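So the structure is just underneath, and the comments pick up after that.
Fair warning: this is a prediction, and the values are worked out from it, not measured in the lab. Proteins come first, then strands; the chains are lettered A, B, ... in the order of their sequence lines, and each starts at number 1.
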Number of protein chains: 4
Amino acid sequence: MGAVKTKRMPRAVREQQMLDAAVRTFGQRGYMAASMDEIAELAGVSKPLVYLYLNSKEDLFTACIRREAAALTEAVRAGVRPGLPADRQLWDGVQAFFAHTAERPDGWSVLHLQARTHGEPFAAEVAAMRAEIVAFVTRLVAVAAREAHRDPDLPEDEVAGLAEALVGAAESLATWANATPGVTARQAALTLMNFAWAGLGDLMQGRVWTPPAEPV
Amino acid sequence: MGAVKTKRMPRAVREQQMLDAAVRTFGQRGYMAASMDEIAELAGVSKPLVYLYLNSKEDLFTACIRREAAALTEAVRAGVRPGLPADRQLWDGVQAFFAHTAERPDGWSVLHLQARTHGEPFAAEVAAMRAEIVAFVTRLVAVAAREAHRDPDLPEDEVAGLAEALVGAAESLATWANATPGVTARQAALTLMNFAWAGLGDLMQGRVWTPPAEPV
Amino acid sequence: MGAVKTKRMPRAVREQQMLDAAVRTFGQRGYMAASMDEIAELAGVSKPLVYLYLNSKEDLFTACIRREAAALTEAVRAGVRPGLPADRQLWDGVQAFFAHTAERPDGWSVLHLQARTHGEPFAAEVAAMRAEIVAFVTRLVAVAAREAHRDPDLPEDEVAGLAEALVGAAESLATWANATPGVTARQAALTLMNFAWAGLGDLMQGRVWTPPAEPV
Amino acid sequence: MGAVKTKRMPRAVREQQMLDAAVRTFGQRGYMAASMDEIAELAGVSKPLVYLYLNSKEDLFTACIRREAAALTEAVRAGVRPGLPADRQLWDGVQAFFAHTAERPDGWSVLHLQARTHGEPFAAEVAAMRAEIVAFVTRLVAVAAREAHRDPDLPEDEVAGLAEALVGAAESLATWANATPGVTARQAALTLMNFAWAGLGDLMQGRVWTPPAEPV
DNA sequence: AATGAATGAGAGTTCATTCAT
DNA sequence: CATGAATGAACTCTCATTCAT
């Protein structure tokens, strides 16, 4: 069932195989339910070799998180061309995001579900990546607001909250799209933009939603 | 630290104590990391009693999920008065949602984080509740669209995607608010409405966001 | 091979059985070579029960050391009657010591061989016991010196060195006697006294041994 | 921290480096706790080379014991000049013994502590060396007795017991001196002679210690 | 209604040891 | 002469679960 047993590979290659197996196992079973035995078997090596190269279950998990986080941010970065208008950049980034999470569902599960449910050290790793993405979105929203000639700048913390909500919605949609057969990455991206862009646009125009009046 | 040891209580009461302890433990440690020992001690009873009343760890977890899901939907339902306008109903429901998740962070963790990371049987329980809420939101959006005199009804699946996105954003914000000191339930609710309502409004007017043209 | 399997015993009894098995195993195999599996089997219980009652291998070993140290000091104390002359007390104590170490060779091995070769925490336990015994011997030697009308008191540190040597010789002889078939406790005790007492007597008289002159 | 990595050395030299590393590691950690990894690293070679030259952990340990035993007996032999009087020879031998054990504490630990706590094959190696030393001391005592014109020879087994006690005391003192900062080899030697010689002298005069009369 | 006593099964981890080069 | 790559077997420890009272 595991990978074909190929003997005597250089360390770097074996390590990647192990990380592949680990991401898959952690992503599907969860951190605690995943056993090192299963990972080793899936990687086609013996358990001691996993320990020799990656030290411990914690370290292995951390390595998975780092690799997947790097791959995800890199995918988004690669999808965006800095010279274009802000809405275009956002749209490209969103597409790249959903394409990547659809392509690597286990990696996404590791990042979004597993890492955040198993203690500070792991959550912190993801938080760093998330912060990068939120900052990227925040910058885009600010630029877009300026492009829309909005004069008094949006208050910073409001922008932050919105970026947070946008990223949160994206994360939820990614998980939902992976779990729902028939939903493509492009559809998820369109849904998100439809849902979010007008709200952002309104805000950028200064139109703020206010709670309906209390009824008698 | 556990509950005060009071002997000989009626079964119904003991069961609630156990569920309290279980929700707290599962919410904080996660399903796998939580041990029946810890739960029993926190509940102030012996382990065999937990098994006598709740059969197994799986059953106990399922019972937690059901209780918390029921409490959450009930809280939302109780916050909404059916006669009022759709936007009002949505606002009230959203507020009730965030108030409840803020009040019972461990319950929310069980529903949103733990149950969805540990296999079908548990995920299905939550999915049922979620479906209920999504349906509720979908209904509201449809009603609002009619109230806005939108003639050709919104295509159903588009509405579904939007409700999904709205609920997803709400879930993310709830988790974020619980993890971020200083963010109140009301702030979370306002952020969500600001973010979402205008997008929904646009859609209801037939204004759809379209991807920017490809650059040459 | 293990103890007869008797079910459902009160905790205190089981604990003693476990300590019996542990002392025997540690004494014969050494701390590291002894496996918890073997100890559990010899005690006639399952491994988890050993851990439930005694926490860890380290704690189990410490418990063994403490029990054996207490038993040994108690045996020596019980053998000595405080009112009698110093030489008599020493003789009685020495006899009790060898009798006890001969009766419990594994306990003696745990104290003298194993505990001292496996790190500070364990060595310290034994050092405490040893200090008690050395102090006891030191007191006796001082009293004997006074009884022998030796006027200028023996320098304290010289007495300490001698007590150390005496106890060291006793320890060596105990191990030797246990390992040499045909050597009884009484013979070991006589050998020690023959070997040591006259030297001590000389010292108490002020006769000190001096190195022979360097030859040309 | 390990030895400087020098490549391509003749086998004999490499072997000594390995033994150095092994003695140090075994002496400090104990036989079981010492790992072949650590020894190889400390020796500055790869593990397979250790196996190539020394076959197994057991064989390596045996080699350590043999080398250290040979070094110790050789040191004692070299310290003694056969022509001199018996007491002089003993004094010289004792001094050489303490000087050597102080100079090589790890070697002494291997011989006295580790080898005797890990099964017959190893204990036997040390027993052989010990027998040699005991025999040497026995011979000296016998000679001294003759020199002291003691007519009816000392019974052989009594002499053996005494030699045993003397060697045992020496061993204890050596370990104690190594573990106690501020105690020099010479002090240890003096303490031993003070403690032992008079007792031996008494015996050689036919004066034997007898147990005090039983009290009423 | 409630529990002290007990365990089978499996987790993560480490070690002495060997190929293939 | 020397080693990077690899493993079988064993270890300590934990957990969900049950029996006898």
Sequence neighbours excluded and cut-off under 3.5 Å, please list the side-chain donor-acceptor pairs for residues 117-126 of chain C, or say none.
from, atom 1, to, atom 2, distance (Å)
C/Thr117, OG1, C/Leu113, O, 2.3
C/Thr117, OG1, C/Gln114, O, 3.1
C/His118, ND1, C/Gln114, O, 2.9
C/Glu125, OE1, C/Arg66, NE, 3.0
C/Glu125, OE2, C/Arg66, NE, 3.3
C/Glu125, OE2, C/Arg66, NH2, 2.7

Distance, rounded to the nearest Å, where C/Ile39 contributes CD1 and F/dA10 contributes P
17 Å
Has D/Arg14 got a side-chain N or O lying under 4.0 Å from the OP1 or OP2 atom of F/dA2?
yes
At under 4.0 Å between heavy atoms, which parts of nucleotides 14-21 of chain F does protein reach? Answer with one letter per nucleotide, 5' to 3': B base, S sugar-phosphate only, - none.
BBSBBB--
Could you tell me whether C/Arg11 contacts a base, only the sugar-phosphate backbone, or nothing, with contacts defined as non-hydrogen atoms closer than 4.0 Å?
sugar-phosphate
Figure out the CG/P separation between C/Leu52 and E/dG4, and round it to whole Å.
11 Å
May I have the distance from C/Met18 (atom CE) to E/dA5 (atom P), rounded to whole angstrom?
11 Å
What salt bridge (charged side-chain N to carboxylate O under 4.0 Å, His left out) pairs are there with at least one residue in residues 27-37 of chain B, not counting sequence neighbours?
B/Arg29-B/Glu38, B/Asp37-B/Lys47
Non-neighbouring partners of A/Asp59 that pass side chain to side chain contact (heavy atoms under 4.5 Å, CB included), sequence neighbours left out:
A/Asn55, A/Ser56
With sequence neighbours left out, the residues meeting side chain to side chain contact (heavy atoms under 4.5 Å, CB included) with A/Ala22 are A/Phe26, A/Ile39, A/Leu60, A/Cys64
Write down the atom of B/Leu111, the atom of B/Ala115, and the distance for their closest heavy-atom approach.
O-CB, 3.7 Å
So, using side chain to side chain donor-acceptor pair (under 3.5 Å) as the criterion, who are the partners of C/Thr175 when residues are at least two apart?
C/Trp108
Between atom CD in A/Glu41 and atom C1' in F/dT7, what is the gap in whole Å?
15 Å
Tell me the stems DNA chain E sits in, counting at least three consecutive Watson-Crick or G-U wobble pairs, each under 3.5 Å on both distances.
E:2-21 with F:2-21
Taking only residues two or more places apart in sequence or in another chain, which ones pass side chain to side chain contact (heavy atoms under 4.5 Å, CB included) with A/Arg67?
A/Gln16, A/Leu19, A/Asp20, A/Val23
Taken to the nearest 0.5 Å, the spacing of B/Met36 CE from B/Tyr51 OH works out to 3.5 Å
Can you measure A/Leu49 atom CG to E/dC15 atom P for me and round it to whole angstrom units?
16 Å
With sequence neighbours left out, the residues meeting side chain to side chain contact (heavy atoms under 4.5 Å, CB included) with C/Ala128 are none
Roughly, in whole Å, what's the span from CG in A/Leu54 to P in E/dG12?
14 Å
